[in-house]
Visitor: 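Okay, handing you the structure first.
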Amino acid sequence: MSTPPEQHPLSRLDETVHQRARLGILAILAETRDADFAHLKRALGLTDGNLGRHLEVLVTSGYVELRKGSDGRRARTWARITPRGRQALLLEVELLHGLLAAVGRPVDASDAPHGDDSHAAGHDASA
């Protein structure tokens with residue numbers, strides 16, 4: 001019985017975490033105890049609606065918790081990464097490390113394409 005081929009690291013990425021804005025939110029929250037909505041919005045260059053939607057996805061996934069309150073004058077929302085969110089972020093980083101290692105490996109000469117390599121680079125010679 002043969003061993004199944006090893007899956008490429010990209011096949012195991014969590015799309016909820018991998019999306020750029022959500023990855024940014026999780027990374028910022030992993031660095032801090034919590035962050036308020038305004039800080040996340042500024043740091044990531046997102047609109048209120050866009051950030052709100054990404055936070056909603058992360059909350060639904062159990063990766064982030066939100067806390068509402070006020071600073072005396074205005075309502076504020078703080079976000080905090082959950083243990084599950086931290087684990088998902090760490091897995092994402094581990095998978096990206098695996099991808100970097102795979103990309104950095106030298107190509108074996110027997111694996112290199114032969115002849116016209118314009119197709120290997122994604123170029124159509126007839127265009």
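Residue numbers count from 1 along this sequence. If you're wondering where the values come from, they're calculated on a predicted model, not measured in any experiment.
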Visitor: Check whether any side-chain N or O of Arg76 sits under 3.5 Å from a backbone N or O of Arg67 as a donor-acceptor pair, and report yes or no.
Guide: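 A pair under 3.5 Å: no.
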
Visitor: Is there a path of hydrophobic side-chain contacts, each under 4.5 Å between heavy atoms, that joins Leu99 and Leu23?
Guide: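 No, because Leu99 and Leu23 fall into different hydrophobic clusters, even though each may have its own neighbours under 4.5 Å.
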
Visitor: Give a yes-or-no answer on whether the side chains of His18 and Asp14 include a donor-acceptor pair shorter than 3.5 Å.
Guide: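 Judged by distance alone, the side chains do not pair up.
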
Visitor: Under the salt bridge (Lys or Arg N to Asp or Glu O under 4.0 Å) rule, collect the residues that match up with Arg80, sequence neighbours excluded.
Guide: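 For Arg80, the residues satisfying salt bridge (Lys or Arg N to Asp or Glu O under 4.0 Å) (neighbours in sequence not counted) are Asp34.
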
Visitor: Val64, Val93: one ILVMFWY side-chain cluster at the under-4.5 Å cut-off?
Guide: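 Linked, Val64 and Val93 end up in one cluster.
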
Visitor: Please lay out, stage by stage, how Asp48 and Lys41 fare under the test side chain to side chain contact (heavy atoms under 4.5 Å, CB included).
Guide: CA-CA 7 Å; Asp48 285 352; Lys41 180 181 161 186; 2.8 Å; yes

Visitor: Which heavy atom of Ala21 sits nearest to which heavy atom of Leu44, and what is that distance?
Guide: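 Minimum heavy-atom separation between Ala21 and Leu44: O-CD1, 4.0 Å.
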
Visitor: Would you mind reporting whether Leu40 and Leu46 have side-chain heavy atoms less than 4.5 Å apart?
Guide: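 Answer no - side chains too far apart.
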
Visitor: Taking all non-hydrogen atoms of both residues, which atom of Ala79 and which atom of Leu29 are closest, and how far apart?
Guide: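 Residues Ala79 and Leu29, closest heavy atoms: O-CD2, 3.4 Å.
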
Visitor: Are the side chains of Phe37 and Leu51 in touch, meaning some heavy atoms are under 4.5 Å apart?
Guide: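 Yes, side chains in contact.
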
Visitor: Counting distance only, does the side-chain N/O of Arg22 pair as donor-acceptor with the main-chain N or O of His54 below 3.5 Å?
Guide: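 Side chain of Arg22 to backbone of His54: no pair is present.
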
Visitor: Side chain of Thr77, backbone of Lys68: donor and acceptor closer than 3.5 Å?
Guide: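 Flag not set: sc Thr77 to bb Lys68 has no pair under 3.5 Å.
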
Visitor: Grouping I, L, V, M, F, W and Y whenever their side-chain heavy atoms are under 4.5 Å apart, do Ile28 and Leu96 come out in a common cluster?
Guide: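 No: no chain of side-chain contacts under 4.5 Å links Ile28 to Leu96.
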
Visitor: For Gln19, does the CD atom sit with more than 12 other heavy atoms under 6.0 Å from it, leaving out its own atoms?
Guide: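 Yes.
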
Visitor: Test question: given the 4.5 Å side-chain rule for I, L, V, M, F, W and Y, name all other residues clustered with Leu90, or answer none.
Guide: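 Its cluster mates, by chain and number: none.
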
Visitor: Rounded to the nearest 0.5 Å, what separates atom OH in Tyr63 from atom OG1 in Thr16?
Guide: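 It is 5.5 Å, given to the nearest 0.5 Å.
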
Visitor: Pick from Val57, Leu89, Leu55, Ile81: which one makes a side-chain contact (heavy atoms from CB on, under 4.5 Å) with Ile25?
Guide: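 So the option named by the test is Leu55.
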
Visitor: Rounded to the nearest 0.5 Å, what separates atom CD in Glu56 from atom OG in Ser61?
Guide: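 The distance works out to 10.5 Å.
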
Visitor: Could you see if Leu100 belongs to whatever hydrophobic cluster contains Leu13? Use Ile, Leu, Val, Met, Phe, Trp, Tyr and a side-chain cutoff under 4.5 Å.
Guide: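 Per the 4.5 Å side-chain linkage, Leu100 and Leu13 are not co-clustered.
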
